[in-house]
Number of protein chains: 2
Amino acid sequence: MTDQRDEGSMPERNPTLFDVAKAAGVSKSAASRALLRQSDVNGQTAERVREAARQLGYVPNGAARSLVERRSGIVGAHVRDVSSPFYGIVLSGMQAQAAADDVSVVSTSGSWDLDVDQESRLLKTLITLRADAIVVCSSTFPTPYLVPFLKRIPMVLCGWPEDDDRFSGCFIDEEDGAHQIADRIIDLGHRSVAIVRPPPSRSRSQARRMETIRQRLLTSHSVVREVDGGDRRVAMHDIVNLARERRVTVVMCPTNDTALEIIDVLRSSNLAVPEDVSVTGFDTVGPLGTPSLGISSFTVPAAEVGRRALAMALERIDNPDQPPQRLLLNGNLRIGSSAAAPPASGRRG
Amino acid sequence: MTDQRDEGSMPERNPTLFDVAKAAGVSKSAASRALLRQSDVNGQTAERVREAARQLGYVPNGAARSLVERRSGIVGAHVRDVSSPFYGIVLSGMQAQAAADDVSVVSTSGSWDLDVDQESRLLKTLITLRADAIVVCSSTFPTPYLVPFLKRIPMVLCGWPEDDDRFSGCFIDEEDGAHQIADRIIDLGHRSVAIVRPPPSRSRSQARRMETIRQRLLTSHSVVREVDGGDRRVAMHDIVNLARERRVTVVMCPTNDTALEIIDVLRSSNLAVPEDVSVTGFDTVGPLGTPSLGISSFTVPAAEVGRRALAMALERIDNPDQPPQRLLLNGNLRIGSSAAAPPASGRRG
DNA sequence: TTGTACGCGTTATCAG
DNA sequence: CTGATAACGCGTACAA
């Protein structure tokens with residue numbers, strides 16, 4: 001029954017439901033019902049309460065509400081690397097769906113160099129918040145770490161494919177994308193291909209996608225030369241040499257960032273793209289997706305992935321016992337001005 | 001004193017402190033003290049409690065803790081547009097600082113097309129969570145909407161400058177950047193300049209930065225032609241014509257995305273960059289910042305802005321009554337291969 | 001050192 | 001229609 005409180009150092013305290021009730025001259029319960037717009041409340045008093053709430057700038061305390069309602073009304077999203085345009089757009093998509101379904105999405109995030117402990121901490125933040133569901137967007141966090149929570153809270157993975165079939169998830173069908181772009185390069189007539197390997201620690205999915213491309217190329221008896229992308233300077237040097245000596249007619253990259261950079265380096269070395277050598281990227285989203293840039297790449301529906309992942313999460317909140325469900329979304333291959341048929345003098349494998 | 005609970009539809013319930021205590025054969029309070037590593041607790045029992053907590057996979061309920069401690073231990077970040085590389089990197093910077101200071105950062109986010117109501121909703125989410133402080137990264141959300149909360153919760157603005165001096169904030173010194181890049185273009189000898197205006201609704205800061213550039217150019221008696229960036233196709237058409245007719249020798253863009261696209265369009269139109277026409281961008285972060293692309297631009301310390309903004313927020317939690325504090329961080333001008341002296345035949349203003 | 005009792009702000013139940 | 005009252009899970013004086 002404390003009516004007085006000790007003022008902290010902050011000038012003003014967040015008004016509580018009690019404050020609103022007092023101002024409206026009713027009890028907490030009546031105020032609560034009025035604000036929740038439940039039916040069994042007098043229109044007069046209800047209006048008084050709402051007015052008082054507005055005057056005071058009342059915002060309900062989610063902690064208290066979460067405690068008694070046993071649900072927080074928020075969905076947590078963990079995004080390993082927000083500075084990646086792909087995941088930024090995924091997050092935007094989730095937000096759009098959230099607005100439509102009247103839930104709040106809050107996210108924890110980091111950068112590409114997070115280690116497992118740091119990501120665990122971020123996930124624990126979401127668990128501590130008692131998010132009603134969690135969407136995990138990280139292509140490096142080992143799923144076994146998530147398993148203990150799987151029985152307690154709906155979880156869905158999101159982004160690039162994850163094999164663990166204990167989990168639900170919404171993914172880009174990247175194997176299909178890798179096949180599409182490899183096939184197209186073969187169709188164009190290329191048989192001598194350089195592929196750029198990303199540093200494996202940075203992204204499992206990038207490594208895997210290039211491996212898939214390599215496998216596919218080999219089925220057409222192409223000659224595939226691998227360039228280690230670990231050291232950027234060395235990689236650029238190697239690529240220019242390969243192209244200049246006509247040992248490859250196309251350079252395939254794990255991302256569009258890399259492709260863009262390589263195109264620039266090649267042109268600076270007086271090699272014409274695509275006349276002398278073609279270049280391809282992957283996972284076009286954001287600014288690098290503008291048509292006029294013409295990077296040949298696999299364009300992915302990032303926002304759609306976010307939307308669907310959130311929808312899956314919400315569905316699992318209502319029905320937590322359903323079996324894991326996996327959704328693969330297709331991207332589109334777009335051959336822009338950075339790729340064309342190999343030059344006539346190009347070697348054949 | 002309820003010992004039994006009704007199992008919901010979720011297979012397993014989150015274990016509570018009570019569960020841990022029961023498993024360790026002690027009371028809730030003892031368990032609490034053991035987990036909080038307070039001193040007045042027997043080493044034996046403490047270990048038993050911690051073991052039980054580990055066995056059960058206990059994660060404290062943040063709502064309950066927040067309620068009793070009257071602080072949530074989380075800092076909220078609202079980011080209007082996470083798909084923008086700038087804010088993605090700002091968020092990464094905040095996260096780095098948060099890890100160092102042992103606080104959790106959770107964020108709400110959207111995309112560039114959020115309206116005021118939607119952003120209000122997102123902010124209210126953070127207030128409802130009772131975040132201990134809030135960092136607002138939005139160059140369009142009107143500060144008056146924030147004022148009511150200013151007295152209740154430490155807030156700091158972050159990103160591009162905001163004039164309202166009731167607020168603390170950490171910003172890029174973009175006026176300086178605008179001056180630097182304009183001055184440099186003048187120094188290179190350009191006197192006929194096209195500047196691309198962004199659609200004003202999209203970003204106040206972009207509009208303002210171009211206006212600053214324009215003002216600065218006028219001091220050197222340059223001829224400034226404005227191109228409305230609202231319709232991309234029309235803008236591109238206009239720019240190509242201006243360049244082809246030698247009515248401008250340089251095109252200045254509000255962002256690097258735009259610059260990159262324009263460079264590509266110009267080159268496709270058989271205009272050499274920078275030989276025939278120079279192009280500049282702004283706010284280089286992320287993939288578009290790779291040196292080899294050579295976009296001439298103002299490069300900004302986005303991660304640093306995030307770090308400092310979070311540090312300011314934490315400082316205000318401890319000392320909420322301090323007056324508003326503003327921090328301006330400088331970027332670096334980098335003239336890459338996209339800008340050079342105007343061609344000899346370039347007109348003079 | 002340990003347990004008991006209370007309160008944080010809210011919703012839900014049940015008497016009036 | 002309204003107002004007490006009991007939880008929700010946790011930290012913490014206070015008593016043992």
Side-chain angles (χ1 to χ4, degrees), chain A residues 1-8 13-49 53 56-74 127-130 132 152, chain B residues 1-8 13-49 53 56 58-73 127-130 132 152:
Chain A
M1 286 306 139
T2 49
D3 199 342
Q4 56 189 358
R5 303 153 179 281
D6 52 332
E7 293 289 321
R13 183 176 49 82
N14 267 304
T16 71
L17 185 60
F18 183 74
D19 298 323
V20 175
K22 198 171 49 176
V26 295
S27 70
K28 291 188 309 183
S29 343
S32 175
R33 285 187 292 250
L35 262 25
L36 295 177
R37 305 185 172 282
Q38 296 184 182
S39 47
D40 50 352
V41 56
N42 185 300
Q44 297 282 330
T45 46
E47 190 45 52
R48 276 216 319 283
V49 171
L56 294 169
Y58 171 71
V59 178
N61 184 321
R65 176 179 282 179
S66 165
L67 217 45
V68 56
E69 288 201 324
R70 313 186 66 76
R71 31 175 252 103
S72 59
I74 72 171
I127 310 263
T128 299
L129 276 184
R130 292 295 187 271
D132 296 334
R152 294 186 198 161
Chain B
M1 290 298 145
T2 48
D3 198 344
Q4 56 188 356
R5 302 152 180 281
D6 52 333
E7 294 289 322
R13 184 176 47 83
N14 267 305
T16 72
L17 185 59
F18 182 75
D19 298 324
V20 175
K22 199 171 49 176
V26 295
S27 72
K28 291 187 310 184
S29 8
S32 174
R33 286 186 289 251
L35 262 24
L36 294 178
R37 306 183 174 284
Q38 296 185 183
S39 49
D40 52 348
V41 56
N42 185 301
Q44 298 282 331
T45 48
E47 189 46 49
R48 278 217 317 283
V49 170
L56 294 169
Y58 171 71
V59 178
N61 185 321
R65 176 177 283 179
S66 166
L67 217 44
V68 57
E69 288 200 326
R70 312 185 67 75
R71 33 174 250 103
S72 59
I127 310 263
T128 298
L129 277 183
R130 292 295 186 272
D132 297 333
R152 293 185 199 162

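Letters A, B, ... mirror the listed sequences (proteins, then strands); counts begin at 1.
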For D:dC8, does OP1 or OP2 lie under 4.0 Å from any side-chain N or O of A:R71?
-> no
Residues in side-chain hydrogen bond (donor to acceptor under 3.5 Å, both in side chains) with A:S72, at least two apart?
-> A:D132
For D:dG9, does either OP1 or OP2 sit under 4.0 Å from a side-chain N or O belonging to A:R130?
-> no
Between C:dG3 atom P and B:L17 atom CG, what is the distance in whole Å?
-> 12 Å
Has the side chain of A:R130 got a donor or acceptor atom that lies under 3.5 Å from a matching backbone atom of A:I127?
-> yes
Grab the stems for DNA chain D, please: at least three consecutive Watson-Crick or wobble pairs, both distances below 3.5 Å, written as range with range.
-> C:3-16 with D:1-14
May I ask you to say what A:T45 touches in the nucleic acid, namely base, sugar-phosphate or nothing, with a heavy-atom cut-off under 4.0 Å?
-> sugar-phosphate
Applying salt bridge (Lys or Arg N to Asp or Glu O under 4.0 Å), name anything that partners A:E47, two or more places apart in sequence or on another chain.
-> A:R50
OP1, OP2 of C:dT10 versus side-chain N and O of A:Y58: anything below 4.0 Å?
-> yes
Write down the distance between CZ (B:R152) and P (C:dG9), rounded to a whole number of angstrom.
-> 14 Å
Close N/O contacts between protein and nucleotides 12-16 of chain D (under 3.5 Å):
from   : atom 1 : to    : atom 2 : distance (Å)
D:dT12 : OP2    : B:Q38 : OE1    : 3.3

Hits for side-chain hydrogen bond (donor to acceptor under 3.5 Å, both in side chains) against A:N14, two or more places apart or cross-chain, chain-then-number order -> none
Integer-rounded Å distance: D:dG9 C1' and B:L35 CG | 13 Å
Among C:dT1, D:dG3, D:dC10, the one nearest any side-chain atom of A:V26 is D:dG3
So, is B:T16 close to the D:dG9 phosphate, meaning a side-chain N or O under 4.0 Å from OP1 or OP2?
-> no
Between D:dC10, D:dC8, C:dG9, spot the one nearest the side chain of A:N61, thanks.
-> C:dG9
Checking B:L67, B:T128, B:L129 against A:N61 for side-chain contact (heavy atoms from CB on, under 4.5 Å), the one that qualifies is B:L67
A:D40 near the nucleic acid: base, sugar-phosphate alone, or nothing, with a heavy-atom cut-off under 4.0 Å?
-> base
Could you state the CZ-C1' distance from B:R65 to C:dG9, rounded to the nearest angstrom?
-> 18 Å
What's the CZ-C1' distance between A:F18 and D:dG3, to the nearest Å?
-> 13 Å
Quick note, side chain to side chain donor-acceptor pair (under 3.5 Å) partners involving residues 23-34 of chain B, not counting sequence neighbours, are B:S27-B:S29
B:Q44 has an atom CD; how far is it from atom C1' of C:dT1, in whole Å?
-> 13 Å
Quickly work out the B:L67 CG to D:dA7 P distance and round it to whole Å.
-> 17 Å
